[in-house]
S.K.: 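Supplied in structure tokens, the structure appears directly below.
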Amino acid sequence: MAISDHRPTKSGRFLLRLPPPVHAMLEAAAHDAGLSLNEYCVRRLAAGGSGAVVDDAAAEVVTRAATVAGSALIAVVLHGSLAREEATAASDADILVVVEPRVALRRGLYRTWDAHPLRWRDRRVDAHFVHPPGNDAPSGLWAEAALDGVVLFERGRQVSTHLARVRRAMADGRLVRRVVHGQPYWTAA
């Protein structure tokens with residue numbers, strides 16, 4: 001007799017408690033996808049999360065981003081030395097918090113984030129709030145994120161699609177890294 005024969009049939013229902021900001025973030029993502037919250041969550045769970053957080057530290061960062069940005073949160077991307085697995089004892093955890101354009105990128109966002117210092121394991125989390133990328137030439141920050149970024153959360157595929165587009169520009173030689181006075185920067189070839 002197989003083990004599954006001893007398991008009771010499940011009803012297909014369960015109650016999930018989550019922080020209100022995460023609830024709002026999921027509800028906004030479901031709305032963007034044109035789905036009910038229930039259907040959106042079922043699809044995300046069935047797909048193994050698909051772009052979801054990878055561990056407890058990442059989950060805490062995404063939850064904080066959702067707390068600060070609410071339903072305007074579009075994506076959270078880890079980049080820099082921690083993403084490249086080159087972090088030293090002095091390194092911090094660099095995070096891009098991508099918010100809808102309706103959210104003004106003002107110091108108040110950073111004050112809210114900084115009010116409760118967050119750590120990624122033993123490193124300080126340094127958040128950078130940005131709007132979604134446009135179709136114009138990528139900035140140095142987006143080029144760096146494309147090179148070594150890890151998407152921890154994303155509503156839709158706008159950010160991942162842009163990062164792939166930037167990586168193609170790098171691979172094709174249309175976007176190159178140069179160094180002036182010891183400082184690297186990205187520019188069109």
Side-chain angles (χ1 to χ4, degrees), residues 15-38 40-41 43-45 47 49-84 87 90-134 136 138-163 166:
L15 176 64
L16 176 66
R17 293 186 194 339
L18 59 152
V22 174
H23 186 173
M25 176 180 66
L26 289 169
E27 202 164 64
H31 180 266
D32 288 354
L35 300 170
S36 69
L37 178 59
N38 186 70
Y40 178 81
C41 291
R43 289 183 184 191
R44 287 291 297 248
L45 289 168
S50 177
V53 296
V54 293
D55 63 19
D56 289 345
E60 189 174 357
V61 168
V62 171
T63 299
R64 171 63 69 79
T67 299
V68 173
S71 63
L73 181 64
I74 293 174
V76 179
V77 181
L78 172 69
H79 68 102
S81 61
L82 190 59
R84 289 189 307 269
S91 297
D92 57 9
D94 293 307
I95 303 292
L96 287 181
V97 179
V98 186
V99 295
E100 293 177 356
R102 67 182 167 87
V103 175
L105 301 179
R106 296 196 175 127
R107 185 64 200 142
L109 283 173
Y110 292 91
R111 281 191 202 108
T112 301
W113 182 276
D114 293 341
H116 303 284
L118 184 62
R119 299 192 69 75
W120 183 296
R121 297 187 185 95
D122 59 342
R123 290 165 176 44
R124 182 180 65 86
V125 175
D126 188 17
H128 306 277
F129 290 87
V130 296
H131 288 139
D136 49 340
S139 68
L141 184 60
W142 284 108
E144 290 298 321
L147 190 62
D148 60 28
V150 177
V151 176
L152 303 177
F153 168 80
E154 183 175 22
R155 250 176 51 200
R157 299 204 28 87
Q158 179 182 13
V159 171
S160 290
T161 300
H162 180 72
L163 295 176
V166 173

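Keep in mind it's a predicted model, so treat the numbers as computed, not measured.
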S.K.: Tell me, please, which residues at least two apart from Glu100 pass salt bridge (charged side-chain N to carboxylate O under 4.0 Å, His left out).
M.R.: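 Once residues adjacent in sequence are excluded, the partners of Glu100 under the salt bridge (charged side-chain N to carboxylate O under 4.0 Å, His left out) criterion are Arg102, Arg155.
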
S.K.: Are any of the side-chain heavy atoms of Leu26 and Leu37 separated by less than 4.5 Å?
M.R.: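 Leu26 vs Leu37: side chains touch.
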
S.K.: Rounded to the nearest 0.5 Å, what's the gap from CG on Leu78 to CG on Asp94? Could you check?
M.R.: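 The distance works out to 8.0 Å.
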
S.K.: Which atom names give the shortest non-hydrogen contact between Pro132 and Gln158, and what distance separates them?
M.R.: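 Reported closest heavy-atom pair: CB-NE2, 3.3 Å.
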
S.K.: Do Asp114 and Arg107 sit within salt-bridge range, that is, some charged N less than 4.0 Å from a carboxylate O?
M.R.: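 Yes.
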
S.K.: Quick check for you: to the nearest 0.5 Å, what is the distance between Glu154 atom CD and Leu163 atom CG?
M.R.: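 Going from CD on Glu154 over to CG on Leu163, the span is 7.5 Å.
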
S.K.: Nearest 0.5 angstrom please: Thr112 OG1 to Arg64 CZ, how far?
M.R.: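 Separation between the atoms: 9.5 Å.
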
S.K.: Nearest 0.5 Å, what's the CD-CH2 distance between Glu60 and Trp120?
M.R.: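 Between atom CD of Glu60 and atom CH2 of Trp120 there are 10.0 Å.
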
S.K.: Counting C-beta onward and ignoring hydrogens, is there a side-chain heavy-atom pair between Val68 and Val97 closer than 4.5 Å?
M.R.: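 No, every pair of side-chain atoms sits at 4.5 Å or beyond.
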
S.K.: Quick one, Trp142 and Val130 - any side-chain contact, counting heavy atoms below 4.5 Å?
M.R.: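 Yes, their side chains come closer than 4.5 Å.
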
S.K.: Parallel under 30°, tilted from 30 to 60°, perpendicular over 60°: which one fits the rings of Tyr110 and Phe129?
M.R.: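 Tyr110 and Phe129: perpendicular rings.
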
S.K.: State, yes or no, whether a side-chain contact exists between Arg123 and Ser91 at a heavy-atom distance under 4.5 Å.
M.R.: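 Touching, per the 4.5 Å side-chain cut-off.
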
S.K.: Rounded to the nearest 0.5 Å, how far does NE2 of His31 lie from OG of Ser36?
M.R.: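 One finds 12.5 Å between OG of Ser36 and NE2 of His31.
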
S.K.: Can you name the nearest heavy-atom pair linking Trp113 to Ala127, along with the distance?
M.R.: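 That closest heavy-atom pairing would be CE2-CB, 3.5 Å.
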
S.K.: Run the side-chain donor-acceptor check on residues 146-153: report pairs under 3.5 Å with partners two or more places apart or on a different chain.
M.R.:
from	atom 1	to	atom 2	distance (Å)
Asp148	OD1	Gly80	N	3.3
Asp148	OD2	Arg84	NH1	2.7

S.K.: To the nearest 0.5 Å, what is the distance between CG on Asp92 and CG on Asp122?
M.R.: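 Answer rounded to 0.5 Å: 11.5 Å.
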
S.K.: Could you report the tightest heavy-atom contact between Val76 and Val61, atom names first, then the distance?
M.R.: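 In this case the closest contact between Val76 and Val61 is CG1-CG1, 4.0 Å.
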
S.K.: Taking side chain as C-beta onward, heavy atoms only, is His131 less than 4.5 Å from Val99?
M.R.: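 Yes, side chains in contact.
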
